[in-house]
Amino acid sequence: MGVIRTQDLLDHETVPHYWLTVYATDRGVVPLSSFVEVYIEVQDVNDNAPQTSEPVYYPSVMENSPKDVSIIQIEAFDPDTQSSEKLSYRITSGNPQGFFNINSKTGECLRV
Ligand SMILES: [Ca+2]
Ligand SMILES: [Ca+2]
């Protein structure tokens, strides 16, 4: 039997699939052989955290600006196939008065 095993960690984000060619040969006096193609799909797991386009954003907003003024759109990217459209956003600190709101799906931050 010709068992194919991994020799190292594979990464779906680097190489999502492999085509291997395997050569099988017998031990006849005049050996006969054949080739077979093996397609290996590297399945994705969630092994990357989402990344924003900037580490820090510096938007500004006028004082006295009315409610629901859009301040910034935070955009994050996740290299994992499954997670990109499932990102959600939340303000975790700095907002004790509740002056700001972020749309959990779109990342749009509003003055509320
Ligand atoms: Ca991810
Ligand atoms: Ca992945």
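Counting convention: from 1, in listed order, for ligands and their atoms alike. This structure is a prediction, so every number in the text was calculated from the model and none was measured.
With hydrophobic clusters built from ILVMFWY side chains whose heavy atoms lie under 4.5 angstrom apart, L10 does not share a cluster with V45.
Looking only at protein N/O/S atoms, the ones less than 3.0 Å from the Ca ion (ligand 2) make 6 in total.
Checked against the Ca ion (ligand 1), the N, O or S atom of D78 at the shortest distance is OD2.
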Report the C-alpha distance between D68 and V112 in whole Å, list the side-chain angles of each, state the deciding distance to 0.1 Å, and finish with yes or no for side-chain contact (heavy atoms from CB on, under 4.5 Å).
CA-CA 5 Å; D68 290 338; V112 292; 4.1 Å; yes

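Atom CZ of F100 and atom CD1 of I91 lie 8.0 Å apart (nearest 0.5 Å). Residue D47 holds its CG atom at 9.5 Å from NE2 of H12, rounded to the nearest 0.5 Å.
Inter-residue side-chain proximity for E13 and D44 is flagged as met; some heavy-atom pair is nearer than 4.5 Å. At least one side-chain heavy atom of Y89 sits less than 4.5 Å from a side-chain heavy atom of L87.
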